[in-house]
Structure formats: C-alpha cells, structure tokens
Amino acid sequence: QVRLVESGGGLVQAGGSLRLSCAVSVRTFRAYPMGWFRQAPGKEREFVGLINSTGGSTYADSMKGRFAVSRDDAKNTMYLQMNSLKPEDTAVYYCAAGLTRRAGTINNYRADYWGQGTQVTVSS
C-alpha cells in the first residue's frame, strides 16, 4: 500500500515560519527522490524542493535560503521547513515521492505518488 499524508498547514503571518510533515509509506528504494510542490488558485503547480537518497537537496530559486527539505527515516517522515514566509507563498502544498526530472528541463518533475495537499496561508 502506498500512502503520503501531509500535515502542518495553517495560517501564519508574513515573516513567520511553518513546518509541514509528510508521512511516507512508500518503500525507501521507490520513494527517492521525494519532495514538495505547491499550487495557488488559478496558477500552475510548481516545484518547491526535493531530497535524494543521499540527503542532497534541490530547490526552486524563489525558495532557496528560506525553505528546507529534510527527512527522518526512523519516523518515515519528510519535512518542509518554511521560514521568512511571504504572502505569495500562499498555496496548497503537496508532498510527492518517486520524482523524475523531465528530459530537457530544470526543476520540472513528475512523481509516482502524491499526497492530498495541505493549505498554507500567509497573511500580511
């Protein structure tokens, strides 16, 4: 059985921080790379960041220095730490596993497994 369940979303003021969690039931060798995406109403889904099997991470330019993807294998959980949040970060955030970069692209990925999403709202 494959399941990804996000939690930790909510309302936060601009400049604040929030940590999202994703409980992962996918086997480790099928899960990596795993990461996060987000989608705001009326906008395309966009890549946020990922973590690979060796612990290395990759982020979209707008998230670098503010967001960090991490994992806790003992808890089968992946995290997205978000700092210095801005109103434009407001979106539904999705965790995903089994990411594959689309040929000829940079930071454009498909994923084998998806969570249901969690809402993050940043107020000004």
Side-chain angles (χ1 to χ4, degrees):
Q1 184 176 5
V2 177
R3 293 191 66 189
L4 300 174
V5 181
E6 303 98 331
S7 62
L11 177 65
V12 63
Q13 289 183 289
S17 299
L18 204 62
R19 188 180 74 166
L20 306 183
S21 299
C22 177
V24 182
S25 65
V26 183
R27 289 182 179 273
T28 302
F29 67 89
R30 290 289 296 138
Y32 291 100
M34 62 178 68
W36 296 86
F37 296 79
R38 70 184 187 185
Q39 186 170 26
K43 294 187 176 182
E44 293 274 292
R45 181 181 63 187
E46 66 176 332
F47 171 75
V48 173
L50 64 78
I51 187 166
N52 61 35
S53 60
T54 63
S57 58
T58 299
Y59 303 94
D61 288 344
S62 62
M63 288 75 169
K64 291 180 180 178
R66 299 192 300 123
F67 291 9
V69 180
S70 62
R71 70 186 186 211
D72 186 336
D73 290 339
K75 297 181 179 180
N76 295 316
T77 301
M78 176 178 64
Y79 304 96
L80 177 65
Q81 179 66 47
M82 303 184 291
N83 300 319
S84 301
L85 284 163
K86 307 172 182 179
E88 51 263 44
D89 293 320
T90 295
V92 176
Y93 285 72
Y94 299 88
C95 65
L99 273 62
T100 302
R101 182 175 60 81
R102 292 188 171 92
T105 71
I106 298 176
N107 290 340
N108 188 340
Y109 300 87
R110 64 170 296 279
D112 291 337
Y113 313 104
W114 294 89
Q116 83 290 344
T118 186
Q119 177 71 46
V120 172
T121 302
V122 184
S123 65
S124 59

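In this chain, residues are counted from 1 in sequence order.
Counting only heavy atoms from C-beta outward, the side chains of L20 and M82 approach each other to under 4.5 Å. When side chains are defined from C-beta on, V122 does not count as touching K86, because their heavy atoms never get closer than 4.5 Å. Here the side chains of D89 and R66 are in contact, with some heavy-atom distance below 4.5 Å.
T105 meets the side-chain contact (heavy atoms from CB on, under 4.5 Å) test with R101, R102, N108; sequence neighbours excluded. Annotation: side-chain contact (heavy atoms from CB on, under 4.5 Å) contacts of N52 (sequence neighbours excluded): T54. Annotation: side-chain contact (heavy atoms from CB on, under 4.5 Å) contacts of S57 (sequence neighbours excluded): Y59. Looking at residues two or more places apart in sequence or on another chain, you find a side-chain contact (heavy atoms from CB on, under 4.5 Å) between S123 and L11, Q13.
When all heavy atoms are compared, the tightest approach of A111 to A96 is CB-CB, 3.7 Å. Counting all heavy atoms, side chain and backbone alike, A60 lies closest to N107 at CA-ND2, 3.9 Å. The minimum heavy-atom distance between P87 and S124, with the atom names listed, is CG-CB, 4.0 Å. Nearest heavy atoms, S84 versus S17: N-OG, 4.4 Å. Across all non-hydrogen atoms, the minimal contact from L4 to A97 is CD1-N, 3.7 Å.
For residues 108-124, the pairs satisfying salt bridge (charged side-chain N to carboxylate O under 4.0 Å, His left out) are R30-D112, R110-D112, with sequence neighbours left out. Legend: ring pair (Phe, Tyr, Trp, His ring centres under 6.0 Å) pairs involving residues 60-118, not counting sequence neighbours, sorted by first then second residue: F37-W114, F47-Y109.
Here the CE atom belonging to M63 is positioned 4.5 Å from the CD atom belonging to E46, to the nearest 0.5 angstrom. Taking OG1 of T121 as the start and CG of L18 as the end, the distance is 10.0 Å to the nearest 0.5 Å. If you take SG on C22 and CE on M34, they are separated by 7.5 Å, rounding to the nearest 0.5 Å. Of the inter-residue distances, the one linking K64 atom NZ with T58 atom OG1 reads 8.5 Å to the nearest 0.5 angstrom. Residue T118 holds its OG1 atom at 14.0 Å from CZ of R38, rounded to the nearest 0.5 Å.
By the rule that hydrophobic residues join a cluster once side-chain heavy atoms approach within less than 4.5 Å of another member, V24 and L50 end up as members of separate clusters. Residue V120 is grouped with residue V48 when hydrophobic side chains (ILVMFWY) are merged at heavy-atom distances under 4.5 angstrom, including chains of intermediate members. Residues V69 and L99 do not share a hydrophobic cluster, defined by chaining ILVMFWY side chains whose heavy atoms lie under 4.5 Å apart.
The closest donor-acceptor contact from the side chain of Q116 to the backbone of E6 lies under 3.5 Å.
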